[in-house]
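In what follows, chains are A, B, ... by sequence order, proteins preceding strands, each numbered from 1.
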Amino acid sequence: MSDYIDLDALWKVLVASLLAGAGLAAVFSLSLVGLSSGRTAGRAGAALCLLVVAAGIVLGLYVMLAK
Amino acid sequence: MDANLVLLAIVVVTALSFDFTNGFHDTANAMATSIATGALRPKVAVALSAVLNFVGAFLSLKVAATIATGIVETGAVTLTVVFAGLVGGLAWNLVTWYFGIPSSSSHALIGGVVGATLISAGASAVKGAEIVSHVLVPAVLAPLAAILVATVGTYLVYVLTAKVPGKVRDRGFKYGQIGSASLVSLAHGTNDAQKTMGIITLALIASGAIGKDAGTPTWVIATSATAIALGTYLGGWRVIRTLGKGLTDIETPQGFAAESSSAAVIFASSHFGFPLSTTHVCTGSVIGSGIGKRLAQVRWHVAGKMAAAWLITLPAAGMVGALAWAGANLIGGSLGVAVVFLIALLLSGGLYLASRRRPVNADNVNDEWTGRVASVPAVRERAA
């Protein structure tokens with residue numbers, strides 16, 4: 001581990017932000033796909049996706065404020 | 001005692017002024033994309049961001065180890081050093097605002113404090129390794145991480161919703177964008193208002209007004225939250241314009257992906273203790289949202305200007321901080337600090353007047369990008 005770069009923290013930041021930033025954005029996009037499908041299954045899937053996004057946001061707020 | 005009180009009062013006012021500039025400088029981070037895509041009307045966007053910054057400032061009351069003590073020896077931090085450091089940060093914030101360059105307020109503050117410490121206590125009082133690992137390296141990594149996340153996010157967003165009807169897509173991402181931008185505002189209030197609280201608490205301790213282990217007084221939290229919120233509401237329209245229109249032309253899905261990426265990177269870095277500047281992250285996200293959408297164009301010369309500004313943030317703010325300390329020291333005592341404060345006030349006023357000649361405001365913030373921040377007489381700037 002380098003003295004100048006906290007590699008351990010860095011890769012955690014990268015993985016977490018890829019999952020949360022790109023991952024949740026993708027899940028949110030899927031909810032739009034579901035919503036526009038017009039089918040009941042699509043709407044249910046969309047609701048599930050939005051729930052995942054909401055859970056992610058709550059988790060994010062929690063970990064940031066819990067310090 | 002009285003002179004000390006005057007000194008302390010000036011430091012507190014300067015810190016709150018810095019907090020205020022921190023607010024309007026960074027409104028762009030959260031709201032530039034929402035304003036550019038029209039998800040929110042400009043005035044509504046800055047009002048929302050202001051409220052969330054205010055709330056954010058109260059959310060986490062554990063003041064992060066003050067910015068100054070991490071990078072310079074605690075013994076070297078006198079009231080005058082704190083004051084001079086703040087002046088350095090303020091000056092850099094105002095100048096970069098004038099040129100519409102998003103630049104890190106924390107870096108400006110750190111630069112100011114380091115400059116003032118260098119001249120007052122010498123190089124041995126500055127923790128060089130800390131500066132490299134906590135300031136310089138993150139400054140390079142922050143935009144790169146954000147570019148990566150936003151590029152992937154934008155790509156996924158476009159691929160996944162390719163068959164979704166435009167109306168549903170735009171509406172959906174509009175709300176998504178408002179939500180993620182709100183998170184960025186909240187995180188900004190939590191992280192950045194605390195820097196000012198830390199500085200004021202440090203000044204109170206240094207002057208003996210409160211004990212060494214005392215927590216942050218409530219009035220400090222309230223005034224810091226108010227200052228950053230007022231600054232945010234004022235809206236740094238010049239910076240908003242560069243970030244929202246200058247770097248790339250942003251559509252709603254891109255704005256959504258960019259803000260999600262910013263929020264995620266800021267939250268993650270704050271949680272894992274990797275100090276990334278909000279400004280660097282948000283700028284990287286906007287660039288990434290340009291790369292992630294196929295064929296979207298990033299104006300790299302605008303990005304290059306920003307990178308150049310980031311490179312000289314530390315030395316430039318440091319120079320002003322050193323000058324401010326030297327000036328105050330030359331005259332001596334509270335009078336010296338008061339004189340420097342007045343000079344800084346006059347110069348800031350001058351810059352404000354200069355900005356009025358080509359104002360950027362809620363009305364023209366979204367005008368077509370013509371190569372400059374304030375290109376009101378658009379014809380003359382065609383060449384750029």
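- With a 4.5 angstrom heavy-atom cutoff, A:Leu61 touches chain B via backbone and side-chain atoms both.
- There is no contact between B:Ala162 and chain A, counting heavy-atom distances below 4.5 Å.
- Neither the backbone nor the side chain of B:Ala263 comes within contact range of chain A; no heavy atom of the residue lies under 4.5 Å from a heavy atom of that chain.
- Contact count versus chain B (heavy atoms, under 4.5 Å) is highest, among A:Ala16, A:Ser17, A:Gly21, for A:Ser17.
- Using cut-offs of 30° and 60° for the angle between ring planes, the B:Phe256 and A:Phe28 rings count as tilted.
- Looking at B:Ile266, neither its backbone nor its side chain comes within 4.5 Å of chain A, counting heavy atoms on both sides.
- Considering B:Thr232, B:Asp26, B:Thr278 as possible partners of B:His188, the one that fulfils the side-chain hydrogen bond (donor to acceptor under 3.5 Å, both in side chains) test is B:Asp26.
- No hydrogens or angles considered: a donor-acceptor pair under 3.5 Å links the side chains of B:Ser49 and B:Ser185.
- Only the side chain of B:Val137 comes within contact range of chain A, with at least one heavy atom under 4.5 Å from a heavy atom of that chain.
- When every heavy atom of A:Gly60 is checked against every heavy atom of B:Phe267, the shortest pair comes out as O-CD2, 3.2 Å.
- Contacts of B:Tyr158 with chain A are absent, with no heavy-atom separation under 4.5 Å from either backbone or side chain.
- Between A:Lys12 and A:Asp8, at least one side-chain nitrogen of the basic residue sits less than 4.0 Å from a carboxylate oxygen of the acidic one, meeting the salt-bridge criterion.
- When all heavy atoms of B:Leu314 and B:Val135 are compared, the pair lying nearest together is CD1-CG1, 4.1 Å.
- Looking at B:Leu183, the atoms closer than 4.5 Å to chain A (heavy atoms on both sides) all sit in the side chain, from C-beta outward.
- Between the side chains of B:Gln177 and B:Thr37, at least one donor N or O lies within less than 3.5 Å of an accepting N or O.
- Contacts with chain A were tallied for B:Val159, B:Leu276, B:Val157, B:Thr151; B:Val157 has the most, counting heavy-atom pairs under 4.5 Å.
- Only the backbone of B:Ser261 comes within contact range of chain A, with at least one heavy atom under 4.5 Å from a heavy atom of that chain.
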